[in-house]
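A quick write-up on the structure given underneath.
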Protein chains: 2
Amino acid sequence: MTTSAPSSLKPRKKPQQARASATLDAIFEATIQLLVKDGYPLLTTTRVAERAGVSVGTMYQCFPHKQSLIYAVNERYLEILAEKIEYTCRAALGLPAAAMAEALIDTYWAAKTERPDVTRALYRSVVEMDNEALIAEFAARTEAATTAMFASASNRSFSDVESVNRALVTVIFGTVRNSFERSHSEQEVNDLRRQLIAMCRAYLESCVG
Amino acid sequence: MTTSAPSSLKPRKKPQQARASATLDAIFEATIQLLVKDGYPLLTTTRVAERAGVSVGTMYQCFPHKQSLIYAVNERYLEILAEKIEYTCRAALGLPAAAMAEALIDTYWAAKTERPDVTRALYRSVVEMDNEALIAEFAARTEAATTAMFASASNRSFSDVESVNRALVTVIFGTVRNSFERSHSEQEVNDLRRQLIAMCRAYLESCVG
DNA sequence: ACATGATATGAAGGATTGTTCAGTTTGAGG
DNA sequence: CCTCAAACTGAACAATCCTTCATATCATGT
């Protein structure tokens, strides 16, 4: 994941001593906390350093500029998310297609709901940075995993696996994101998730026939 | 729509002469153009005024501050979008549910695809402003229209119209948005739209049975 | 033609922020 | 204990940007 980051956005140096590594974590955590609390527009390098308990200079030895900080935070987040999805896909190999869709929905929804405020904050932090490469790589990893999964479905008979896969992934990810932008009650969210599963199941059955 | 805007975000004055109205349009257009060309981070009041062919002072007689400008642009955009959706919903009253879903998808997708760059730019401009009220009002208008539509379906037998409606709207809007964040080919997008329609149809049929 | 309010101008102010760098502290290895 | 590079500090700099206001121009009604 780190490999394809534009050179201008890459972190400046990797920590070689223990304290530097701790500093890096503190900076990440401070960034997320401030993003959640005050939002991106109020996120300044000074404030991040202050909150992380380090000086501004230290920050600039880790990241060449503010953008690379935001980039790194999102990269880390997407890395973890991608791993979870890949794990789920691997575990679901060979199952019926409907069970796969349900597993995918559960994993993705759970990952996003784990820390809803962070999810929301990161969704909105993607403005200032060149996120195309990041999203493209995440999408590539995801699609590879899900395509392999759906291709192994025990009841598979899709005319076009890639098309079906793309539809499911786009619908699921999009629905989850949209549900985060509205202010739904917990009940409504749970119901929405159930409806989404039903929708995917009905769609997959209609594909078979 | 304008009524519920926080007072601090409302435009300063309504134009009373012809030239002022023209100025307002020029400012809107300039804002959108710059948003599309350079993105939000590079959108400065000076540049907007320059591009609109007016001075900064003129801008500040229309809008008390930068935020209110962005707010107004998005408000205008959502106003038009809501009208289109309401029109579609009214025209589809009494049709079979599947036809309703298809009409909704067509309208929404067409509205977003009409000027894809503007759509993308506005999706990303929503960071700096307090958009909750805006989105809430849009959602309320939309849900009212779509709920009324689906409740009038000729083949309706939903156990819970509101639940089904919420699911369809969230899925459709979310899918369209997500498809805009990936770089799909035109073929893939068209196929995706067809799959989405198929998915909604299958879902609605499964609701009946 | 005149008066008056609406509209437009743009240089200047005030405040903030990203970034640097010369110097200090820390810690691991010899 | 000493050494040297890695890590850290934070005041200062430079650049930018939002916003204001005193002034000028325009359009309308009389």
Side-chain angles (χ1 to χ4, degrees), chain A residues 6-31 34-35 37-73 125 127-130, chain B residues 6-31 34-35 37-73 125 127-130:
Chain A
S7 63
S8 63
L9 287 176
K10 268 190 284 195
R12 195 164 255 167
K13 50 159 65 175
K14 298 193 173 181
Q16 304 186 4
Q17 298 183 7
R19 54 176 171 162
S21 179
T23 297
L24 209 79
D25 285 340
I27 293 176
F28 274 127
E29 189 55 31
T31 305
L34 285 178
L35 231 36
K37 197 166 75 82
D38 303 323
Y40 181 84
L42 270 62
L43 187 86
T44 72
T45 52
T46 313
R47 243 189 287 266
V48 171
E50 197 177 358
R51 182 113 182 180
V54 300
S55 77
V56 222
T58 300
M59 265 197 50
Y60 275 85
Q61 269 182 346
C62 298
F63 305 96
H65 44 248
K66 196 185 166 190
Q67 280 190 37
S68 68
L69 173 63
I70 311 289
Y71 191 93
V73 170
S125 75
V127 191
E128 190 107 10
M129 63 180 199
D130 177 25
Chain B
S7 62
S8 62
L9 287 176
K10 268 189 285 195
R12 196 164 253 169
K13 49 159 66 175
K14 298 194 174 180
Q16 304 186 4
Q17 297 184 5
R19 54 174 172 163
S21 180
T23 297
L24 210 78
D25 285 340
I27 293 176
F28 275 128
E29 190 54 32
T31 305
L34 286 179
L35 233 35
K37 197 165 76 82
D38 302 323
Y40 181 84
L42 271 60
L43 188 86
T44 73
T45 52
T46 314
R47 243 189 285 268
V48 171
E50 197 178 358
R51 181 113 182 181
V54 301
S55 75
V56 222
T58 300
M59 264 197 52
Y60 275 84
Q61 269 183 346
C62 298
F63 305 97
H65 43 249
K66 197 186 166 188
Q67 280 189 36
S68 68
L69 172 63
I70 311 289
Y71 192 93
V73 169
S125 75
V127 192
E128 189 107 11
M129 62 179 198
D130 177 25

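What you see is a predicted model, and the numbers here were worked out from it, not measured in a lab. Just so we're on the same page: letters track the sequence lines, and every chain starts at 1. Computed from heavy atoms alone, side chains included, the values below leave out hydrogens, waters and symmetry copies.
- If you take CG of D25(A) and C1' of dA7(D), they are 16 Å apart, rounded to a whole angstrom.
- The distance from atom CD of E50(A) to atom C1' of dT9(D) is 14 Å, rounded to the nearest whole Å.
- What separates CE of M59(A) from P of dG18(C) is a distance of 9 Å, to the nearest Å.
- Regarding contacts with the backbone of dT9(D), a side-chain N or O of S55(A) is found under 4.0 angstrom from either OP1 or OP2.
- Nearest approach of A49(B) to M59(B), heavy atoms of both residues: N-SD, 3.9 Å.
- Rounding to whole angstrom units, CD of residue Q61(B) and C1' of dG10(C) are separated by 13 Å.
- The closest side-chain heavy-atom distance from L42(A) to L34(A) is not below 4.5 Å.
- Of all heavy-atom pairs spanning L35(A) and S125(A), the tightest one is CD2-CB, 3.8 Å.
- T58(B) pairs by the side-chain contact (heavy atoms from CB on, under 4.5 Å) definition with T23(B), V54(B), S55(B), not counting sequence neighbours.
- With sequence neighbours excluded, the residues satisfying side-chain contact (heavy atoms from CB on, under 4.5 Å) with E50(B) are R47(B).
- Computed from coordinates, the Y60(A) OH to dA11(D) C1' distance equals 15 Å when rounded to whole Å.
- V56(B) comes within 4.0 angstrom of a base, heavy atoms only.
- Side-chain contact check for I70(B) versus F63(B): every heavy-atom pair is 4.5 Å or farther apart.
- OP1 or OP2 of dA8(C) sits under 4.0 Å from a side-chain N or O of T23(B).
- Here the C1' atom of nucleotide dC18(D) and the CD1 atom of I70(B) are 13 Å apart, to the nearest Å.
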I'd like a list of close polar pairs between nucleotides 12-17 of chain D and the protein, N/O only, cut-off under 3.5 Å.
none

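- With dA11(D), dT9(C), dC18(D) as the candidates, the nucleotide lying closest to the side chain of T58(B) is dT9(C).
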